[in-house]
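Right, one structure below, let's go through it.
These values consider heavy atoms only, across backbone and side chains, with no hydrogens, waters or symmetry-generated copies. Keep in mind it's a predicted model, so treat the numbers as computed, not measured.
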There are 2 protein chains.
Amino acid sequence: MPLTLEDIARLSGVSRSTVSRVINADLNVKEDTRRKVQEIINNFNFQPNLAAKRLATGRSNVIGVIIPAGVSDLFTDPYFPQLLQGISALCNTRDYSVMLWLTEPEYERRMISRILHNSLVDGVVVASILMDDPIIQLLIESKMPYILIGRHPTEDVNYLDVDNLQAGRKATMHLVRLGYKRIATITGKKNQVAGYDRYLGYVKALQDSDMPVRPELVADGDFTEESGYNAMQRLIMYRPDAVFIANDMMAYGAMRALREANLRIPEDVAIVGFDDIPASSKTVPPLTTVRQAIAPMGGKAADLLINMIESGTMTTQKVIMDTELVVRESCGAS
Amino acid sequence: MPLTLEDIARLSGVSRSTVSRVINADLNVKEDTRRKVQEIINNFNFQPNLAAKRLATGRSNVIGVIIPAGVSDLFTDPYFPQLLQGISALCNTRDYSVMLWLTEPEYERRMISRILHNSLVDGVVVASILMDDPIIQLLIESKMPYILIGRHPTEDVNYLDVDNLQAGRKATMHLVRLGYKRIATITGKKNQVAGYDRYLGYVKALQDSDMPVRPELVADGDFTEESGYNAMQRLIMYRPDAVFIANDMMAYGAMRALREANLRIPEDVAIVGFDDIPASSKTVPPLTTVRQAIAPMGGKAADLLINMIESGTMTTQKVIMDTELVVRESCGAS
DNA sequence: ATAGAAAATGAGAGCGCTCCCATTATTGTT
DNA sequence: AACAATAATGGGAGCGCTCTCATTTTCTAT
């Protein structure tokens, strides 16, 4: 039913090849014929069949985005939506489309293996992988261009990340400088790089300041609001005067726990979060937090990936992006 | 580089056709050969080229999801993530993939026209369209299977929605029954069906209860937190004792405004929201709200769409899903 | 004008599948 | 055992593009 190159060729009195040239902006077409053909194309709103193009060229102009579900809380945390938004916007500008897979843990391996081999996409962005995730191996073996969101310790792995360790250190240091003495932390999942590195940053800040790292002031969470709430409840009995929390969602949970315990923020307990998701400027009190530019990071990842695809080079990419400490009221420095 | 059907055929000593039959679970294959071929396929982890399949069959097993950006606040509101999650999960079970397009208003028309004609997808789910959106026309003309999330007034349009009017009425009625006398509303965008219908439900509840609809107690928002905050500030001077708010994000904004004005919830002003997004059970006080099962709705939409695709029938689908009023503390009924 | 170079166009094969139809192998029936 | 009926398999064309190479047209310089 839809038109084909051949149809357009017939309608404009040239050959299929010439139409193809017009569509692909080949230089060797006389201006006259180019205009004539273009007009027919416009009139009929002709769109070339991308499956056929894909088959002929081996390229689809589609990238895949793989988000392992269960890694974080996709429903509540705006991290992924923002990332997707950034990726999508960049793809729009470079004439790519995005294929989205939210993989469920039990099928993950099989699904990824399929994605990598069925030639639907030219490359993939993989978000928040675990440090020991076996899909890294699949990725490398497949020879498909890819980039991870989140540092990965393996050699020769392409990734894009913020310097979580440095950022965690910076946030904690801020609390140290404000004079807090019993600084606690609520960590993310420690088998995710972001969780682990932010925790290391916390440790480093204390060590660099000759302050002890007290195990009872370290509470593990999993990046969800609920886990922040629970962790804070556990921490309260050890009387921290400040807490560095590995993401904003957990910080919201922690604030909820503090409120229920009738502890004031920041007078009784100061709080610093991580992510600067949009709601964080509107909490009571507004949350001091480490801003990572999530959408731009997604865009950058997509851009790098498309560069890899189009250049055909596979030299390892490791890109680190900046963070910024956004000081609001929850840390007590106003 | 990747293997083809022909390769597998050679390796297992049968013809390309037979391999194809094995892959597509054709019945007319002897059990012996089926097993033999399947083994080779497994050993080499062979994945058929979907572009070629697409070209040969005219079907891709991919559905598109189109989300017009700027319609709502994609970053903050978990509505879309949940919807996507539901769609994606269903697609996983039916062996479909999803292509995601976050269209930007200025390119929207052109982009959609491309999506509909370039044969990448077998059908599309379109989320939150405006009531007078011109892309409806494109959709209908294209003959591609589609389904809208959100009622649309035009005849012969496929959609899936909750009964927003009924739900709005139910929520407002709840406030009426609790004895509130000056019930206000903060509306969503009135050129979106959800915004309009929820507002109509509010009006209907008051009329059915012989209560006046006071224009000064109707404040327009646009579904964002910010707009809820602003709308509430405007409402305060008219002393409402209760407010029905067209979504939870705006309810958060409204609560923030009330808190700043030192008005207690629900003692001074009662609040009912709409959506029951996850955070709403954790606000202070917890939010009474209309629950719509967002992820299941996405799943249902994808399911319907795939049914349309596979059956080839194009009979108009109009599906209405249930809502439920979740009573918590913000309405003062405990 | 005319040869030679350069630019523009056309024809054909091929990308990896499916699907129809022809062919061969396997049954069951008397 | 011989034949028809049926099951299993193979071969070929075709899906709508691209891309190389051959051919035709146009241009430039003499």
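Distance from the side chain of R21(A) is smallest for dT9(C) among the nucleotides dC15(C), dT9(C), dG12(C). Checked against dT9(C), dG16(D), dC17(C), the side chain of A56(B) finds its nearest nucleotide in dC17(C). Across dT18(D), dT9(C), dT18(C), the shortest atom-to-atom separation from the side chain of V29(A) is found for dT9(C). When distances run from any side-chain atom of T33(B) to the nucleotides dA13(D), dT9(D), dT18(D), the shortest one goes to dT9(D). Side-chain proximity of S17(A) to the nucleotides dT9(D), dC17(C), dA11(C) is greatest for dA11(C).
Atom CD1 of I41(B) is separated from atom P of dC17(C) by 10 Å (rounded to the nearest Å). Atom CG of L55(A) is separated from atom P of dT18(D) by 11 Å (rounded to the nearest Å). One can place CD1 of I23(B) at 14 Å from P of dG16(C), the figure rounded to the nearest angstrom. A straight line from CG of N28(A) to P of dT18(D) spans 16 Å, rounded to a whole angstrom. Between the CG atom of N49(B) and the P atom of dT18(C) there is a distance of 10 Å, given to the nearest Å. Here the C1' atom of nucleotide dT26(C) and the NZ atom of K30(B) are 8 Å apart, to the nearest Å. R10(B) places its CZ atom 13 Å from the P atom of dG11(D), with the value rounded to the nearest Å. Atom P of nucleotide dC15(D) and atom CG of L5(B) are separated by 19 Å, given to the nearest angstrom.
Contact between the side-chain N/O atoms of T4(A) and the OP1/OP2 oxygens of dG16(D) is not found at any separation under 4.0 Å. Within the 4.0 Å cut-off from OP1 or OP2 of dC15(D), not a single side-chain nitrogen or oxygen of T57(B) is found. Within the 4.0 Å cut-off from OP1 or OP2 of dT18(D), at least one side-chain nitrogen or oxygen of S20(A) is found.
Within the nucleic acid shown, R54(B) has no heavy atom closer than 4.0 Å to any nucleic acid atom. Within the nucleic acid shown, S119(B) has no heavy atom closer than 4.0 Å to any nucleic acid atom.
Contact between P145(A) and D122(A) at its shortest, heavy atoms only, is CD-O, 3.4 Å. A pairwise comparison of heavy atoms in K36(B) and S12(B) identifies CE-O, 3.5 Å as the closest pair. The minimum heavy-atom distance linking T316(A) with N158(A) is given by the pair CA-OD1, 3.2 Å.
The residues R10(B) and D7(B) are annotated as salt-bridged, a charged nitrogen and a carboxylate oxygen being separated by less than 4.0 angstrom. Of the charged side-chain nitrogens involved, at least one lies within less than 4.0 Å of a carboxylate oxygen, so that R34(A) and E31(A) count as a salt-bridged pair.
Of the two residues contacting DNA chain C, namely G13(A) and E6(B), the nearest-nucleotide position lying further toward the 5' end is that of G13(A).
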